[in-house]
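Predicted model only: the values in this text are computed from it and were never measured. Convention: sequence-line order gives letters A, B, ...; per-chain numbering from 1.
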There are 2 protein chains.
Amino acid sequence: MIGKTLSVETCDCNVIHEDIVNKVKGQMPPEETLYDLAELFKVFGDSTRIKILWALDEAELCVCDIAFLLNMTQSAISHQLRALKQAKLVKNRREGKVIYYSLDDEHVKRIFEQGLIHIREEK
Amino acid sequence: MIGKTLSVETCDCNVIHEDIVNKVKGQMPPEETLYDLAELFKVFGDSTRIKILWALDEAELCVCDIAFLLNMTQSAISHQLRALKQAKLVKNRREGKVIYYSLDDEHVKRIFEQGLIHIREEK
DNA sequence: CAAACATATGAATGGTTGCTCAAGTAATCA
DNA sequence: TGATTACTTGAGCAACCATTCATATGTTTG
């Protein structure tokens, strides 16, 4: 019997659907992978970061270019670039005082495209 | 001259990079599209919702199946299903007392795949 | 070297979000 | 009809997050 050692409430469905539920359980990727996936999408889940990524897909830019482009504070942009860098979506190089940022992943645009397909379907 | 009517601080880069910045500005999708994209990815940016979507990609399941599968409260799952339904990622049908949920978008898996490619590249 | 410039960083803050708990709806069953 | 089952919903709360503000770092320039 399924559901005997369960710590949360359940209904009879689990018994009825035992086979399906077990099958699904067996095909789920490891917990850690799903967590990492969520962490990645969390980075995409902010319009400021989306805009930064989109801009950097068009050209290499410095922090103040991006700040100007998005009409935002350099500090705010810097904080977000930090998040993008930690997610390994963005890299940077120094040229004197100026730090240029660019995409560190060629298929960021492909993730965007998949998202756009969904949005457009919603009408 | 660029940057004259600007509401936030800028540096000389904007003048130097004027052409590039203008080019990028011209190629950015409308504000609203980028906002919608972020809203969509926000939905993917939670491991509980990722797990639910993954499970539903394997089989149609009722709320308590999912709650059992993820070892979580029916209430918690129900709240998340609501978010997924609002994002038009999930649909449901009633069969007596039981409500079955399934994916409402065939390429959810494709979005996952693009994300996984990135994660795997990180090593 | 001091001043100016480009960016980073830490603390503080207001807003959001995911879960819990308690109560509610909706269908079935006895 | 009243009890039970499956699910939903709203309020409440703790944790998180994006921006701001003040300050710090690193580089060039005079």
For DNA chain D, whose closest nucleotide is more 5', that of R94(B) or that of G45(A)?
R94(B)
Does OP1 or OP2 of dT20(C) have a side-chain N or O of T73(B) closer than 4.0 Å?
yes
Which residue pairs pass the ring pair (Phe, Tyr, Trp, His ring centres under 6.0 Å) test with at least one member in residues 45-67 of chain B, sequence neighbours excluded?
W54(B)-F112(B)
The complete set of ring pair (Phe, Tyr, Trp, His ring centres under 6.0 Å) pairs with one or both residues in residues 71-102 of chain A, sequence neighbours excluded, reads Y100(A)-H17(B)
Assess, by modelled atom type and distance only, whether the side chains of R110(B) and Q114(A) contain a donor and an acceptor separated by less than 3.5 Å.
no
Check the distance between dG18(C)'s P and E39(A)'s CD and give it to me in whole angstrom.
12 Å
Tell me what Y101(B) touches on the nucleic acid: a base, only sugar-phosphate, or nothing, going by heavy atoms under 4.0 Å.
sugar-phosphate
For atom CD1 of I16(B) and atom P of dA6(C), their distance in whole Å:
8 Å
Polar atom pairs (N or O), protein with nucleotides 28-30 of chain C, under 3.5 Å:
none

Can you measure from CD1 (I77(A)) to SG (C62(A)) and round to the nearest 0.5 angstrom?
11.0 Å
Could you name each residue pair satisfying salt bridge (Lys or Arg N to Asp or Glu O under 4.0 Å) that touches residues 29-44 of chain B, not counting sequence neighbours?
K51(A)-E31(B), E39(B)-K42(B)
I'd like to know if the side chain of H118(A) and the backbone of V108(B) have a donor-acceptor N/O pair within less than 3.5 Å.
no
Nearest whole Å is fine: how far is dC19(C) P from N71(B) CG?
13 Å
Output every pair passing salt bridge (Lys or Arg N to Asp or Glu O under 4.0 Å) with a member in residues 59-84 of chain B, not counting sequence neighbours, ordered by first then second residue.
E60(B)-R93(B)
Distance in angstrom units between F44(B) CZ and dG18(C) P, rounded:
14 Å
Return the set of residues passing salt bridge (Lys or Arg N to Asp or Glu O under 4.0 Å) with R94(B) (not counting sequence neighbours), or none when no residue passes.
none
Rounded to whole Å, please give me the gap between CG in D65(A) and P in dA6(C).
10 Å
Outermost contacting nts on DNA chain D, any atom under 4.0 Å from chain A heavy atoms, listed 5' then 3', are dA6(D) to dT28(D)
If I take atom CD1 from residue I119(B) and atom CG from residue L34(A), how far apart are they, to the nearest 0.5 angstrom?
9.0 Å
Taking C-beta and beyond as the side chain, do L40(A) and F44(B) meet within less than 4.5 Å on heavy atoms?
no
Looking at residues at least two apart in the chain, or sitting in another chain, which of them share a side chain to side chain donor-acceptor pair (under 3.5 Å) with K91(A)?
none
Set of residues satisfying salt bridge (Lys or Arg N to Asp or Glu O under 4.0 Å) with respect to K109(B), sequence neighbours excluded:
D57(B)
Contact check, residues 47-62 of chain B vs DNA chain C, heavy-atom distance under 4.0 Å, returns T48(B), R49(B)
Give the residues of residues 79-86 of chain A touching DNA chain D, defined as any heavy atom closer than 4.0 Å, sorted by residue number.
H79(A), Q80(A)
By salt bridge (Lys or Arg N to Asp or Glu O under 4.0 Å), which residues pair with E113(B), not counting sequence neighbours?
none
